[in-house]
Amino acid sequence: MSCRIAFIVPPSQAISLKFVSYQQPINMAYLAAEVIKAGHNAVIWDYGVEEYNLEDIIDRINGFKPQIIGIHCKTFSIIQGNELAREIKKSYPQILILVGGPHSTALPEETLREFENFDAVAIGEGEKTIVDLCEHIAIGKSLEGVNGIAIRNGIKIIRTSQRELIADLNALSYPARQLLPENLYNKRHASRGISSRGRKVTEIFTSRGCPGQCIFCAARLSYGNCVRFRSLDNVLGEVDECINKFSYDHIVIQDDTFTLNHERVYGLLEGFRKLGVKSWSCDTRVDAVDKDLIREMARSNCKKVSLGVESGSERILKLIKKNISLQQVRNAVRWARSSGIQLVECTFIIGSHPDETNEDVSLTWKMIKELSPDIISVSVIVPYPGTEVYSLMKERGYIDNQDWENFQLIGSKLSWHTKYFSSEELLRLQRQFINNYYFNFKYIMRSLRRAKSIKDISYLFKTGLGVLGFLFKKD
């Protein structure tokens, strides 16, 4: 017997900010691919890009008749996910509603207690879990035999045995991209500075996990601190499929740190050239690159590299366990520039440690001006559940309330403060940095000179309007 499952990305306030990057839900497409391979049926409804209305959802449920609905929620969208589940439950109480994602992975039992419309939580890496769940539902077997979940059983909440991480990522099917509404993703950018207009963009994970110890990162909740690499042949097979089957012409590599293993990266770069990859981008650490590697990345059509800097204060870099030096930052940016990579992005976090002072913030601004990146990302610290900074700030009483909608990198309200900055001051600093950097005559002229077409200029103009709307939005 087979099972039918509908995967849903709920709408959220964060998604409504049009200048914020939005990626295809590739993790969800991985789950769907494994479900299909096991002989079940799956669909993906992405209300991050599709127009959201309840009538549409009801029509789709009536047509597909799912036995399971899986809702993927980050912390900022968990409330909307629960509201969606409530509406579905009114008409379809028999459907099992499963929630997954970093928030419910960090707080599985708490999520079920707080949000009564979820029936179960998928904890961590979900491919094997979701297939087991479908098998049990198809034959009416108790879900208590499925590892890696928490379930509601009457008034009790039961957490089953922990599921081991998937040792061989090559055993997974390629993501079911055919289920995604691919024509709708060109309305956004998947990576800052890379417009999706006039090009088709998709994301690829070549590995899972990161060895970093950064106190603000929630990635280890799902994948731990170990890094599991896919083989070169497996990754390049997916790249080939993306180019020749789906006609994608820009690939965003979503690994937390793409360049950890240099020998492996050189092998991938050679494969990219042979396959004719036109354009790609990645995120990495400043201590995981060297001049030669970055030069080869540029030769293989890397158009953008994003480097995690976080702070211009050596003191703060130590406190947040970033384990990098400012000289490594300078070197990485210089190498990327001299290599000819079109866009160099540096990411920064205001209040990345709750003990950050005005002096530390000033050092960050000084570093931004010195580096003069093509793109900066300036976020405010978000104490995501499950992170070290969440525990630290909760212990100190810095988290004022748990209004989960406010737990987003770019927003208009915060539910926390730090030792030296109120929530309002943190947001003021964020907006000040963004405004002073992007709306500077020299920066604007540099960006226009870099533009290669009318489409590029249009993208810059529309993105700038979106940023202005955020800067002057009333809280």
Side-chain angles (χ1 to χ4, degrees), residues 102 106 192 207-227 253-262 282-290 293-294 305-336 344-373 375-393 395-396 398 409-410 416 418-421 426 429-430 433:
R192 284 174 290 270
S207 67
R208 290 183 180 181
C210 178
Q213 301 293 322
C214 303
I215 68 171
F216 53 81
C217 182
R220 73 187 67 151
L221 291 175
S222 295
Y223 300 140
N225 273 123
C226 65
V227 183
I253 296 177
Q254 286 289 86
D255 300 24
D256 291 309
T257 307
F258 175 57
T259 60
L260 278 174
N261 183 323
H262 287 199
C282 69
D283 296 356
T284 194
R285 289 174 57 96
V286 299
D287 58 351
V289 292
D290 60 34
L293 181 66
I294 288 184
V305 62
S306 182
L307 302 166
V309 181
E310 323 317 352
S311 176
S313 164
E314 296 273 15
R315 184 182 81 92
I316 292 299
L317 290 175
K318 289 184 176 69
L319 286 174
I320 64 176
K321 302 181 181 179
K322 186 72 182 178
N323 296 325
I324 61 172
S325 70
L326 294 180
Q327 190 55 49
Q328 287 174 317
V329 172
R330 295 183 181 101
N331 289 343
V333 172
R334 186 176 73 253
W335 294 332
V344 180
E345 177 182 42
C346 293
T347 65
F348 300 89
I349 303 175
I350 303 293
S352 55
H353 191 279
D355 288 343
E356 186 171 80
T357 65
N358 262 311
E359 181 181 356
D360 296 315
V361 172
S362 296
L363 289 171
T364 297
W365 178 244
K366 181 180 177 182
M367 177 56 64
I368 289 173
K369 290 195 295 182
E370 177 188 338
L371 298 173
S372 190
I375 303 169
I376 61 168
S377 167
V378 181
S379 58
V380 174
I381 186 63
V382 180
Y384 289 117
T387 62
E388 186 176 338
V389 76
Y390 175 81
S391 300
L392 178 62
M393 291 177 72
E395 179 183 316
R396 293 188 182 184
Y398 293 165
L409 298 173
I410 296 285
W416 57 89
T418 61
K419 184 175 182 179
Y420 297 104
F421 299 111
L426 290 168
L429 285 167
Q430 179 189 39
F433 274 37

Next item on the list: List in chain and number order the residues that pass ring pair (Phe, Tyr, Trp, His ring centres under 6.0 Å) with W365, two or more places apart in sequence or in another chain; answer none if no residue qualifies.
Entry: F433
Notebook entry, point to check: Where is the tightest heavy-atom contact between Q430 and L409, given as atom of each residue plus distance?
Noted result: NE2-O, 3.2 Å
Next item on the list: Determine whether more than 12 heavy atoms belonging to other residues, nucleotides or ligands lie under 6.0 Å from atom CD of Q327.
Entry: yes
Item checked: Shortest non-hydrogen separation from P354 to L392 and the atoms involved -> CG-CD2, 3.6 Å
Notebook entry, point to check: Given side chains that start at C-beta, do those of T418 and L426 come closer than 4.5 Å, heavy atoms only?
Noted result: yes
Next item on the list: Measure the shortest side-chain to side-chain distance between V309 and F348 over non-hydrogen atoms and say whether it is less than 4.5 angstrom.
Entry: yes
Notebook entry, point to check: Would you call P373 and V333 a side-chain contact if the rule is heavy atoms closer than 4.5 Å?
Noted result: no
Item checked: Y384: partners by ring pair (Phe, Tyr, Trp, His ring centres under 6.0 Å), with sequence neighbours left out -> none
Notebook entry, point to check: How long is the span from the CD atom in E388 to the SG atom in C217, to the nearest 0.5 Å?
Noted result: 12.0 Å
Checklist line | Heavy-atom pair with the smallest gap, counting every atom of L293 and V289 | finding: CD2-CA, 4.4 Å
Check: Under 3.5 Å, is there a donor-acceptor pair between the side chain of D255 and the main chain of S207?
Finding: yes
Notebook entry, point to check: Roughly how far apart are T387 OG1 and I215 CD1, rounded to 0.5 Å?
Noted result: 8.0 Å
Margin query: Please determine whether side chain to side chain contact (heavy atoms under 4.5 Å, CB included) holds for the pair I381 and F216, giving the CA-CA distance in whole Å, both sets of side-chain angles, and the decisive distance to 0.1 Å.
Written below: CA-CA 7 Å; I381 186 63; F216 53 81; 3.6 Å; yes
Next item on the list: Under the salt bridge (Lys or Arg N to Asp or Glu O under 4.0 Å) rule, collect the residues that match up with D287, sequence neighbours excluded.
Entry: R285
Item checked: Any I349 side-chain heavy atom under 4.5 Å of S311 side chain -> no
Note to self: If the test is side-chain contact (heavy atoms from CB on, under 4.5 Å), which one of T347, I375, V344 qualifies with S306?
What the structure shows: T347
Item checked: Y390 backbone acceptor or donor facing W416 side chain under 3.5 Å -> no
Notebook entry, point to check: Can you name the nearest heavy-atom pair linking K321 to Q213, along with the distance?
Noted result: CB-O, 3.6 Å
Notebook entry, point to check: Going from CD1 on I376 to NZ on K369, what distance comes out if it is rounded to the nearest 0.5 angstrom?
Noted result: 12.0 Å
Checklist line | Distance in Å, I294 CD1 paired with W335 CH2, rounded so as to fall on 0.5 Å steps | finding: 7.0 Å
Margin query: For V329 and I324: C-alpha separation, side-chain torsions, deciding distance, then whether side chain to side chain contact (heavy atoms under 4.5 Å, CB included) applies.
Written below: CA-CA 8 Å; V329 172; I324 61 172; 4.0 Å; yes
Checklist line | CG on N358 to CZ on F421, rounded to 0.5 Å | finding: 4.0 Å
Item checked: Side-chain (E310) to main-chain (L317) donor-acceptor, under 3.5 angstrom -> no
Next item on the list: Keeping the roles fixed (side chain from E356, backbone from V361), state whether a donor-acceptor pair exists under 3.5 Å.
Entry: no
Notebook entry, point to check: Between E345 (side chain) and D283 (backbone), is there a donor-acceptor pair under 3.5 Å?
Noted result: no
Note to self: Ignoring hydrogens, what is the shortest heavy-atom contact between K322 and C214? Give both atom names and the distance.
What the structure shows: CD-SG, 3.7 Å
Checklist line | side chain to side chain contact (heavy atoms under 4.5 Å, CB included) assessment of V378 paired with I350 | finding: CA-CA 7 Å; V378 181; I350 303 293; 3.8 Å; yes
Check: Can you tell if the side chain of R315 reaches within under 4.5 Å of the side chain of L363, non-hydrogen atoms only?
Finding: no
Margin query: Main chain of V389, side chain of H353: is a donor-acceptor contact present, judged purely on distance under 3.5 Å?
Written below: no
Checklist line | Point-to-point distance, once rounded to the nearest 0.5 Å, from CG of N323 to NZ of K318 | finding: 9.5 Å
Note to self: Looking at L260, is its backbone amide N or carbonyl O close enough to the side chain of T257 to form a donor-acceptor pair, meaning the two atoms are under 3.5 Å apart?
What the structure shows: no
Check: Between the side chains of T284 and T259, is a donor N or O closer than 3.5 angstrom to an acceptor N or O?
Finding: yes
Next item on the list: Identify the heavy atoms of G312 and T364 that sit nearest to each other, and give their distance.
Entry: N-OG1, 3.0 Å
